[in-house]
Amino acid sequence: MSTAQPKSLFAYLKWAIISTFIGLALGAWLGWSTTGTLAGMLTVFFICAVLAVLEISLSFDNAIVNANKLKEMTPVWQHRFLTWGILIAVFGMRIVFPLLIVVIAANIGPIDAMIMAASRPEEYSRIMHEAHLPIAAFGGTFLMMVALTYFFDHDKEIHWVHWLESRLSRYAEIKGIEIAFVLLVMLVFSRFIEGEARTVFIVSAIYGLLTFLVVEVLGGFLDSTQEAAKATAQGGLGAFLYLEVLDASFSFDGVIGAFALTQNLFVIAIGLGIGAMYVRSMTIMLVERGTLTQYRFLEHGAFYAILILSVIMYVQTIYHIPEVITGLGGAALIGVALWSSIRWNRNSEAAE
């Protein structure tokens, strides 16, 4: 009886690689059609490639968290997230979301926002940058709650930074401690913001907190109030909604940061869309290979990266921090966590 061979790395990355060739070809065509020069074509081609790398570096921790949540979902809902979810991630967050910001901020219609993106990219970029403060406050609060909920968990048994995580796990018995911590951080940062911007920051941060709580309550409600068979499917729906909001929060920083490289919405969509396909492929690989089980501290590194990203998003409401620092910082933390996991596995094997 033959056993199935494990999938190769290329098999997991096949569609991501195909999307890379298609996306870069579209970028080159867009550069040629808008500038009519070889230099312009190569410039857009290069920007698309850089944006894809930026998205991958910023979102690798997102893939790990997605994989952790997907383990608990039924195969049907796993498939729906990896199909419908990627459409929402690429088209919703990379195209519709920036347009929606401009529609709300400039009080114009969606068609007018599309026309502005195509004909007046400088104005479009200016509106996006002006909306950065509420976006950073909302996304930073949501991600901070995601990270703290992981560490303030009484049932958490595996600790990477043991002296810290063991204490946080014990304090999880105090109801609402993570919410109190986030509110305290929110108030501290609001002291460094003056005028009307302070109100905008606080209101946006509160909306981020409420969004996290609503998604959590909705997921728990769908899990606990339905019949057994139906609850499984509905629980998948709750997890699906949670992952979509989580992906949106991760995308805020990348979408805003992309305007530092180009003001063309379509170039941004191509570059970040390519990166999103790699995140999807990495998520599938982590789930199917059981990588999170094999490398016990990898998940910890991802949640530390999320916590640091949330703080950086708060800091960005006051000072500009280059996106490359954010991406490299998260990748470095995950790399250290991977190294610690490999060392732990070797020590365990040696002890046996």
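These figures come from a predicted structure and were not determined experimentally. All heavy atoms count here, side chains included; hydrogens, waters and symmetry mates do not.
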- Message: Return the CE to CG distance between Met285 and Leu13, rounded to the nearest 0.5 Å.
- Response: 6.5 Å

- Aromatic ring pairing His162/His159, orientation class (parallel under 30°, perpendicular over 60°, tilted between): perpendicular

- In terms of hydrophobic clusters joined by side-chain contacts under 4.5 Å, are Phe45 and Met41 together? no

- Item | Leu183 vs Leu209 side-chain heavy atoms within contact, under 4.5 Å | yes

- Message: Before you tell me yes or no, could you show the steps for Val146 and Phe303 under side chain to side chain contact (heavy atoms under 4.5 Å, CB included), namely the whole-Å CA-CA distance, both residues' side-chain angles and the distance that decides it to 0.1 Å?
- Response: CA-CA 8 Å; Val146 169; Phe303 279 98; 3.9 Å; yes

- Task: Return yes if some donor-acceptor pair links the side-chain N/O of Ser341 with the main-chain N/O of Phe297 below 3.5 Å, else return no.
- Result: yes

- Query: Would Met116 and Ile111 show up in the same hydrophobic cluster when neighbours are defined by side-chain heavy atoms closer than 4.5 Å?
  - Reply: no

- Item | Euclidean distance, Glu299 CD relative to Trp160 CH2, rounded to 0.5 Å | 12.5 Å

- Task: For residues Phe189 and Val315, determine if any side-chain heavy atom of one lies less than 4.5 Å from a side-chain heavy atom of the other.
- Result: yes

- Message: Testing the basics here: between Thr317 and Ala136, what is the closest heavy-atom pair and its distance to 0.1 Å?
- Response: CG2-CB, 3.8 Å

- Query: Does some side-chain heavy atom of Leu26 sit less than 4.5 Å from a side-chain heavy atom of Leu30?
  - Reply: no

- Give a yes or no answer on whether the side chain of His300 reaches the backbone of Val161 with a donor-acceptor pair at less than 3.5 Å. no

- Query: Is it the case that one hydrophobic cluster holds both Val311 and Val185, taking links as side-chain heavy atoms less than 4.5 Å apart, direct or via other members?
  - Reply: yes

- Closest non-hydrogen atom pair, Ile268 against Leu51: CA-CD1, 3.8 Å

- Which atom pair, heavy atoms only, marks the closest approach of Ile306 to Ala147? CG2-CB, 4.1 Å

- Spell out, as yes or no, whether a donor-acceptor pair under 3.5 Å connects the side chain of Ser281 to the backbone of Tyr12. yes

- Message: Would you compute the distance between atom CD1 of Ile318 and atom CZ of Phe201 and round it to the nearest 0.5 angstrom?
- Response: 7.0 Å

- Query: Above 12 or not: heavy atoms from other molecules or residues under 6.0 Å from CZ of Phe266?
  - Reply: yes

- Message: Using 0.5 Å steps for rounding, measure from the CG atom of Leu164 to the CZ atom of Phe151.
- Response: 7.5 Å

- Under 4.5 Å between any side-chain heavy atoms of Lys14 and Ile18, yes or no? yes

- Note on the structure: Tightest non-hydrogen contact, residues Leu307 and Ser310, listed as O-OG, 2.5 Å

- Answer yes or no: is there a side-chain heavy-atom contact under 4.5 Å between Val182 and Phe212? no

- Message: I need the Ser340 OG to Ile342 CD1 distance, nearest 0.5 Å.
- Response: 9.5 Å

- Item | Minimum heavy-atom distance Tyr150-Asp153, with the two atoms named | O-CB, 3.5 Å

- Item | side chain to side chain contact (heavy atoms under 4.5 Å, CB included) evaluation trace for Leu213 with Ile179 | CA-CA 10 Å; Leu213 295 175; Ile179 298 176; 3.9 Å; yes

- Atom pair CG/CD1 of Leu24 and Ile274 - distance to nearest 0.5 Å: 4.5 Å

- Task: Determine, stepwise, if the pair Met313 / Phe142 fulfils side chain to side chain contact (heavy atoms under 4.5 Å, CB included).
- Result: CA-CA 11 Å; Met313 293 182 78; Phe142 186 90; over 6 Å; no

- Query: Which atom pair, heavy atoms only, marks the closest approach of Ile206 to Met186?
  - Reply: CG1-SD, 4.1 Å

- Is it possible for you to say whether Val267 and Leu38 belong to one hydrophobic cluster, with membership spreading through side-chain heavy-atom contacts below 4.5 Å? no

- Using the rule that two of Ile, Leu, Val, Met, Phe, Trp, Tyr join whenever any of their side-chain heavy atoms come within less than 4.5 Å, decide whether Trp32 and Phe21 are in one cluster. no

- Message: Tell me if a side-chain donor or acceptor on Arg191 pairs with a main-chain N or O of Leu187 at a distance below 3.5 Å.
- Response: no

- Lys156 side-chain N/O to Ile158 backbone N/O, donor-acceptor pair under 3.5 Å: yes

- Would Thr20 and Tyr278 count as a side chain to side chain contact (heavy atoms under 4.5 Å, CB included) if you check the C-alpha gap in whole Å, the side-chain angles of each, and the deciding distance to 0.1 Å? CA-CA 9 Å; Thr20 301; Tyr278 279 93; 2.9 Å; yes

